[in-house]
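Single-structure report; data block below.
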2 protein chains.
Amino acid sequence: MSRTRVHNFSISLDGFATGEGLSVDAPFGHAGHRLHEWMTATRFWHGLGVVEQGEGAAGSTGADNAFAERHEHGIGAEIMGAGKFGPPGWQDDAEWRGWWGENPPFHTPTFVLTHRPRPSLPMEGGTTFHFLDASPAEALDTAREAAAGLDVRIGGGPTVVRDFLAAGLVDHLHVVQVPILLGRGVRLWDGLESLEQGYAVEAVSTPSGVTHLTFTR
Amino acid sequence: MSRTRVHNFSISLDGFATGEGLSVDAPFGHAGHRLHEWMTATRFWHGLGVVEQGEGAAGSTGADNAFAERHEHGIGAEIMGAGKFGPPGWQDDAEWRGWWGENPPFHTPTFVLTHRPRPSLPMEGGTTFHFLDASPAEALDTAREAAAGLDVRIGGGPTVVRDFLAAGLVDHLHVVQVPILLGRGVRLWDGLESLEQGYAVEAVSTPSGVTHLTFTR
């Protein structure tokens, strides 16, 4: 049965998944790259082709990498929020095609939730961006159909993940807690009292200093 | 040199150290005992004499217990907030002597921060409650003198721990993250952006499901 999954979703100790001051030059605002250094150090990330040439070795292959790789397996579609697809105001730029170049690392139909839909954007490597003005449940129905029996990933950002959690639509949640305090930004956990009661929860810290939390039902 | 330490300070995944609705019957409000079950399962806790007779075995002796025991070693005084000493309104009850009976588990001079000081209360077992209307730095000076070269523990609640952290007065912080979402209450981490930069931070998850975070400088 097709499941709905969240992977590699990084937050600070104080629960922020992104900082303040988002822009085209600062996709995560004042958080910079600090929430994702654990992931960019892995072989999974190096294999995505997003690491520049000469940046060195093939990446770590331990626990962080094992978690990171699960991002891919069995996924047939992604749903993301408007805030993940581009910087504030991208809806006013008819030429904006996402952050990821011509071959985005999704390789499936990818549904962008926005109140201002535009025509679908076929990219290289199997990714096609579709733009939906829809509720979480409606978007999930559409994405699940596109996934053709595979799982659907909720790709973020925090508001979208929270909305899908609050609607009871997430079957597997992987959160990575990074030992920094951002102080401000957008929180993941707001309004999710007692969420753990519907899930088996595990926590495991790894030598990189992060703690992987998994919620599975 | 005398250090300032916080131990066994439990928070939920969403950062709350206490719930809402605190009262004499619910010292942690809607959080109940859930933030502290990891600790009451340890041998440390059983050795405190706070477990009722017949409740069974002597408690766990693994990693949770090792962390829990550090609460005691080398401590010469404690500072706590008014909210730890009693339920809301205890200042209006001249007979209130704390939650802990005649032999409280502190066994040192213990300074209660309150805007309404009262005469000191000597208890059994070495605890004397003193009541101070003072800033964190002033209270620490007073407690350090009483500690006679030993360390000073900041005992909570969250507002007091946060105030001491913000003032740069804490040398060692041990936080225990419990895998529940309280949704509401009093947060530990508010206003502490970049706190980690002054500390070495470690995280370790244990089989009980909690994650111990230590900040040391």
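Note that this is a predicted model, so its numbers are computed, not measured. Quick note on labels: first sequence line is chain A, next is B, and so on, each numbered from 1.
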Heavy-atom neighbours of B:His73 NE2 exceed 12 at 6.0 Å: yes
Toward chain A, the part of B:Phe215 with a non-hydrogen atom under 4.5 Å: side chain
Most chain A-contacting option - heavy-atom pairs closer than 4.5 Å, from B:Val210, B:Val204, B:Leu188: B:Val204
Qualifying salt bridge (charged side-chain N to carboxylate O under 4.0 Å, His left out) pairs with a residue from residues 162-186 of chain A, counting only residues at least two apart or across chains: A:Glu20-A:Arg184, A:Asp171-A:Arg217, A:Arg184-B:Glu193
B:Leu13 versus chain A, the contacting section by heavy-atom distance below 4.5 Å: both
Partner chain A: residue of B:Gly15, B:Ser194, B:Gly191 with the largest heavy-atom pair count (under 4.5 Å): B:Ser194
Residue, of A:Leu192, A:Ile180, A:Val201, A:Thr206, that accumulates the most heavy atom pairs under 4.5 Å with chain B: A:Ile180
Top contributor to chain B contacts, counting heavy-atom pairs under 4.5 Å, from A:Gln177, A:Glu196, A:His30, A:Gln197: A:Glu196
A:Leu182 portion near chain B, given a 4.5 angstrom heavy-atom threshold: backbone
Any residue of residues 78-93 of chain A which, by heavy atoms, sits under 4.5 Å from chain B: none
Contact summary for B:Gly209 and A:Ala203, nearest pair of heavy atoms: O-CB, 4.0 Å
Which atoms of A:His212 approach chain B - backbone, side chain, both or neither, heavy atom under 4.5 Å: neither
Heavy-atom pair of closest approach, residues A:Arg187 and B:Asp190: NH2-OD1, 3.1 Å
